[in-house]
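It should be emphasised that the depicted structure is a prediction, and the values quoted were computed from it without experimental measurement. Order of the sequence lines fixes the chain letters, A, B, ..., with proteins taken first and strands second; residue numbering starts at 1 for each chain.
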Amino acid sequence: MKKVTITDIAKLTGYSIKTVSRVINNAPNVKEETRRKILQVIEEHNYSVNLLAKALRNSETRTVILFIDRRKGKYWNEWHDLMLKSIMVKLKDRGYKVILSPSSGEETISNDTDGFHLLKSGLADGAIMFDVISKDCRVKYLRANNIPFIIIGKDMDFTDTSFVDLDNYLVGFIGAEYLINKGYKNIVFFLGPKVFNVNRDRAQGFEEACKKHGVTHSVFYGISTIKGIYEKTHELLSRATVDAFFISGDEKALGAYRAIREKGLKIPEDVAVLGIDNLPSSEYMYPPLTSIDQNVEKFSDQAVNLLIEMMHSKEKTPKRIILTPRIVERQSV
DNA sequence: CCCTGGCAGCCGAAGTTCTT
DNA sequence: AAGAACTTCGGCTGCCAGGG
């Protein structure tokens, strides 16, 4: 059976295509009775707007693609979850459709099942990138093809891209200073893989604060799982005197909590734990986890606003928004 | 002012005709 | 016979015109 088009509805109702279009789009200046009649025929014939045709006409699909890291979910944490959820809700509220596309910054763009071909073919208007690495091939591709996109995080390769980022240097810095001011003198910082810009920035801020105050410290990259943190915490507590763990990614603090307890130590009397992300669940750890907040709401708000602005304006002056982290004090430090 | 209708043109693929 | 150069096609809406 052939698809019902706006022309069919026009013929069936006896009104013009234009009037039907107005009804579909809830445009003003249609007599109530006309609107009702047309809506009834639309219902009877199960008509819905052809999105392809509409996109062709408007040069706009009102679809946004969210690129997330594909690599076995290895670097995917709860913070991503919260951010995605928040961004999706905000885009939907603004009338955009959302497509999730797993991809990776290290692979070449060759797979036509991913979002890149949709964007290049005009089947989506813009993109939001997560987990950007240096020399990210996805960023190169979007830039080269003049596709509006923003990065969640920092771009070190280009100066003309737009992004929203947390001041991750400051995250490391204020985290270290907070621990130091509370009297801790031997601090360990656990982070994910070094390839991600965010981790290097955090480590740099941390190290500079520790040096400034002459405090013993060490940084461990590439510890991405709760299990990894658990094992490393055990090991460190067995052979060194550590009195504070600073952990990138609240959910991983669970691993440290258990190792610390198993060593017969108390949080925060013997050992402090400071997280990053301020996840909703962190409040219910025992003791409640002190954490550095990323403000997911504000973050996603800025990201969505920036992208929509980019998709609608012709001139593309890059915008870079840096958010300030804030410590949420609970009872683990 | 309120309501309605006509038409161009969005864009790339496929089809058609013209040129060598 | 093969390539170049046009034309058509698809569904929809912004702009403009026109009747009451």
task: In whole angstrom, give the distance that lies between atom NZ of Lys18(A) and atom C1' of dA17(C).
output: 13 Å

- prompt: Whole-Å distance between dT13(C) P and Arg22(A) CZ?
  reply: 11 Å

task: Starting at atom CD1 of Ile6(A), determine the distance to atom P of dG6(B), rounded to an integer number of angstrom.
output: 13 Å

Under 3.5 Å, which protein N or O atoms sit close to an N or O of nucleotides 8-11 of chain B? Give each pair with its distance.
| from | atom 1 | to | atom 2 | distance (Å) |
| --- | --- | --- | --- | --- |
| dG9(B) | N2 | Arg57(A) | NE | 2.4 |
| dC10(B) | O2 | Leu56(A) | O | 3.2 |
| dC10(B) | O2 | Arg57(A) | N | 3.2 |

side-chain N/O Tyr15(A) vs dG6(B) OP1/OP2, d < 4.0 Å: no

field: Separation of atom CD1 in Ile38(A) from atom C1' in dT4(B), rounded to whole Å
entry: 10 Å

query: Thr34(A) has a side chain; which of dT4(B), dC12(C), dT13(C) sits nearest to it?
result: dT4(B)

message: If you count every heavy atom of other residues, nucleotides or ligands that lies below 6.0 Å from Lys90(A) atom NZ, does the total exceed 12?
response: yes

query: So how far is it from Leu166(A) CG to Gln294(A) CD, rounded to the nearest 0.5 Å?
result: 4.5 Å

message: Any base atoms under 4.0 Å from Asn29(A), or only sugar-phosphate, or nothing? Heavy atoms, all strands.
response: base

- request: Using whole Å, report how far CG of Asn25(A) lies from C1' of dC12(C).
  value: 9 Å

- prompt: Within a reach of under 6.0 Å around CG of Leu52(A), are more than 12 heavy atoms found that belong to other residues, nucleotides or ligands?
  reply: no

task: Indicate whether OP1 or OP2 belonging to dT13(C) is found under 4.0 Å from a side-chain N or O atom of Lys54(A).
output: yes

task: Mind calculating the distance between CD1 (Ile17(A)) and P (dG14(C)) to the nearest angstrom?
output: 15 Å

- prompt: Using the ring of each side chain (for Trp, its six-membered ring), is His234(A) parallel, tilted or perpendicular to Tyr230(A), with breaks at 30° and 60°?
  reply: perpendicular

task: May I ask you to evaluate whether Thr7(A) reaches the phosphate of dC12(C), defined as a side-chain N or O under 4.0 Å from OP1 or OP2?
output: no

message: Counting only side-chain nitrogens and oxygens, does Thr19(A) get under 4.0 Å of the OP1 or OP2 atom of dT4(B)?
response: no

Arg143(A) NZ/CZ over Phe158(A) ring centroid, <6.0 Å and within 45° of normal: yes

Whole-Å distance separating the NZ atom of Lys3(A) from the C1' atom of dG10(C): 10 Å

message: Donor-acceptor check, side chain of Ser86(A) to backbone of Leu82(A), threshold 3.5 angstrom: yes or no?
response: no

statement: Rounded to whole Å, the NZ-P distance (Lys11(A) to dG6(B)) equals 13 Å

- prompt: Does a side-chain heavy-atom distance below 4.5 Å link Ile87(A) with Ile152(A)?
  reply: yes

